[in-house]
Undergrad: 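Got a structure for you, questions after.
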2 protein chains.
Amino acid sequence: MRRSEIRGHLLDTALRLFNQHGYHATGIDLIIAEAGVAKTTLYRHFETKEELILAALERRDEEDRNAMRAFVEQQARDPAERLLATFDFLEATVRDKQFRGCMFLSAAGEHKDTVDPVFRAALMHKRLVLAYFEELAHAARFAEPKRIAIEINLLHEGAVAVAQITRTAEPTRQAKRMAQQLLAAEERLAPPARGGDAEQRTQAET
Amino acid sequence: MRRSEIRGHLLDTALRLFNQHGYHATGIDLIIAEAGVAKTTLYRHFETKEELILAALERRDEEDRNAMRAFVEQQARDPAERLLATFDFLEATVRDKQFRGCMFLSAAGEHKDTVDPVFRAALMHKRLVLAYFEELAHAARFAEPKRIAIEINLLHEGAVAVAQITRTAEPTRQAKRMAQQLLAAEERLAPPARGGDAEQRTQAET
DNA sequence: ACAATATGTAACAGATCGGTATCGATACTA
DNA sequence: TAGTATCGATACCGATCTGTTACATATTGT
């Protein structure tokens, strides 16, 4: 294996094991065994286990949000429809056989102290996801994009939490229906003056 | 300390520490030190740590559901209002300074294998809570009590998950507002024929 | 009061934890 | 091709993990 690939391979392996067994239950020895790497090598890339966890979460944070953006933007053009499409993305991730719950919520659950760097990494991820929802809600011209984003986020967290226990994808569809119903009753600002690009105006019936 | 109280005291201590640090991160030595009890004593009451966890979750399950029932039934008489009052109970638990997330979701997050007894204990708790919601939804004469219960449950899980990260009680109020809005649009069956006891009929306008 | 039972103390066991040191082999670079 | 940095393998470290053993002491039911 080329030197430049080792770090990424270690992160991928660690992420898989953290997802499968949790953070405390996954020992360094297991990670290096699964990665096929010597312990010295791991500790040349990461000073401590905590640093490995943080790097892994950082990687996962970017992967997740990029994947959601890509999925959602390819799924719909209208921002309001994109807000709903985030639930389809959620359904896809939950359907994965390897799904065992949100890695960030689990990380926060195993590092409950709010000053713990792992907790803060999880918090940061959730903030960024919320910011994306708010960006979509703003683009969809909802009168209160912040509140809409918080509501969508709450439905996401609920769906994932229930899915973690039931191990079915149904909660994500349920959450989408609830989001549809809630958004349909929401006030929207007037569409902007017709600009240069012809923007599709598929507005939800109220 | 009297012999008959030791088991309960151990469970309380273990629950407090599990909530504070998590399950894997809480060692037996810490539990016995905090409980002021010898290690031999603990192992005469519980054969393994897993058995201690299971007994602790069982205790907490009953405590939680009894507390919710008591709170909700004292808070409102109308079943529909009681469904909403469950969010007030949630808010009270989240406001507790010791709140660090749902112990059952955390337990499932640290024991992700669906055949793990700890996971199954968490699953059982969630099923019983859902059954209570369904009981209330049925009493409130909603046309689809099962679906209503699932929706309420999803809002609960979302609120607790967000509260675990943000460490604020706001998500529980948000979830209650969402529940109010969703329930207001729901079909209700006709009230039953006037029976013996005068039942209050505070029906939500549709 | 007596006998049975449960307790505290403390040492111990074997395994595993995160992390380090040594060293020979291998790969990249000048 | 010589030098340098990283690799894998392995042994090791002290700490901590769950769980056990032995024995003296306290509490309990009869």
Side-chain angles (χ1 to χ4, degrees), chain A residues 1-58 106-107 109-113 116-119 121, chain B residues 1-58 106-107 109-113 116-119 121:
Chain A
M1 183 176 314
R2 282 199 291 282
R3 193 162 63 215
S4 56
E5 299 172 352
I6 287 185
R7 185 186 154 94
H9 177 62
L10 275 170
L11 289 179
D12 287 338
T13 305
L15 275 173
R16 177 169 57 83
L17 295 172
F18 289 153
N19 179 64
Q20 194 165 4
H21 306 296
Y23 298 88
H24 285 91
T26 300
I28 294 286
D29 291 335
L30 178 61
I31 297 175
I32 62 174
E34 293 275 313
V37 147
K39 191 181 274 195
T40 42
T41 302
L42 185 149
Y43 277 102
R44 223 171 264 114
H45 286 277
F46 308 97
E47 286 194 354
T48 65
K49 183 187 182 184
E50 180 179 272
E51 196 180 282
L52 171 64
I53 294 177
L54 291 173
L57 287 181
E58 203 168 330
S106 289
E110 288 198 42
H111 306 83
K112 307 186 184 236
D113 203 328
D116 189 308
V118 177
F119 181 93
Chain B
M1 181 177 312
R2 283 199 292 281
R3 193 160 67 212
S4 55
E5 299 173 352
I6 287 186
R7 185 187 154 94
H9 177 61
L10 276 170
L11 289 179
D12 287 338
T13 306
L15 275 172
R16 176 170 56 83
L17 294 172
F18 290 152
N19 179 63
Q20 194 164 3
H21 307 295
Y23 298 88
H24 285 92
T26 301
I28 294 287
D29 290 336
L30 178 61
I31 297 176
I32 62 173
E34 292 276 311
V37 148
K39 190 181 277 195
T40 42
T41 303
L42 186 149
Y43 277 103
R44 223 171 261 114
H45 284 277
F46 309 98
E47 285 194 355
T48 65
K49 184 186 181 184
E50 180 178 272
E51 196 179 284
L52 170 64
I53 294 176
L54 290 174
L57 287 181
E58 203 167 333
S106 291
E110 288 198 44
H111 306 82
K112 307 185 183 238
D113 202 328
D116 188 309
V118 177
F119 181 93

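Labels below follow one simple rule: chain letters A, B, ... track the order of the sequence lines, proteins then strands, and each chain is numbered from 1.
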Undergrad: For H45(A) and dT20(C), give me the distance from atom NE2 to atom P, rounded to whole Å.
TA: 15 Å
Undergrad: Just the rounded figure in Å: distance from P of dG8(D) to CG of D29(A).
TA: 15 Å
Undergrad: Atom OH of Y43(A) and atom C1' of dC12(D): how far apart are they, to the nearest Å?
TA: 14 Å
Undergrad: Please state how far atom NE2 in H24(B) lies from atom P in dC17(D), giving the value in whole angstrom units.
TA: 13 Å
Undergrad: If we ignore hydrogens and angles and just use 3.5 Å, is the side chain of E110(B) paired with the main-chain N or O of H24(B) as donor and acceptor?
TA: yes
Undergrad: Find which nucleotide of DNA chain C each of A38(B) and T48(A) is nearest to by heavy atoms, and output the residue with the more 5' nucleotide.
TA: A38(B)
Undergrad: May I ask you to decide if A107(A)'s main-chain N or O and H111(A)'s side chain share a donor-acceptor pair within less than 3.5 Å?
TA: yes
Undergrad: Rounded off to whole Å, could you give me the NE2-to-P distance for the H9(B) and dT7(C) pair?
TA: 12 Å
Undergrad: Round to a whole Å and report the spacing from CD1 of I6(A) to C1' of dT6(D).
TA: 8 Å
Undergrad: Has the side chain of K49(A) got a donor or acceptor atom that lies under 3.5 Å from a matching backbone atom of Y23(A)?
TA: yes
Undergrad: Separation of R44(A) atom CZ from dT6(D) atom P, in whole Å?
TA: 7 Å
Undergrad: Specify the separation, in whole Å, of atom NZ of K49(A) and atom P of dT20(C).
TA: 15 Å
Undergrad: Tell me which nucleotide among dT18(D), dC7(D), dT22(C) gets nearest to the side chain of K39(B).
TA: dT18(D)
Undergrad: Nearest heavy atom decides the nucleotide; on that basis, is L42(B) or Y23(A) closer to the 5' end of DNA chain C?
TA: L42(B)
Undergrad: Strictly below 4.0 Å: does T41(B) bring a side-chain N or O up to OP1 or OP2 of dG8(C)?
TA: yes
Undergrad: Does the side chain to side chain contact (heavy atoms under 4.5 Å, CB included) test come out yes or no for T26(B) and Q20(B), once each step is laid out?
TA: CA-CA 9 Å; T26(B) 301; Q20(B) 194 164 3; over 6 Å; no
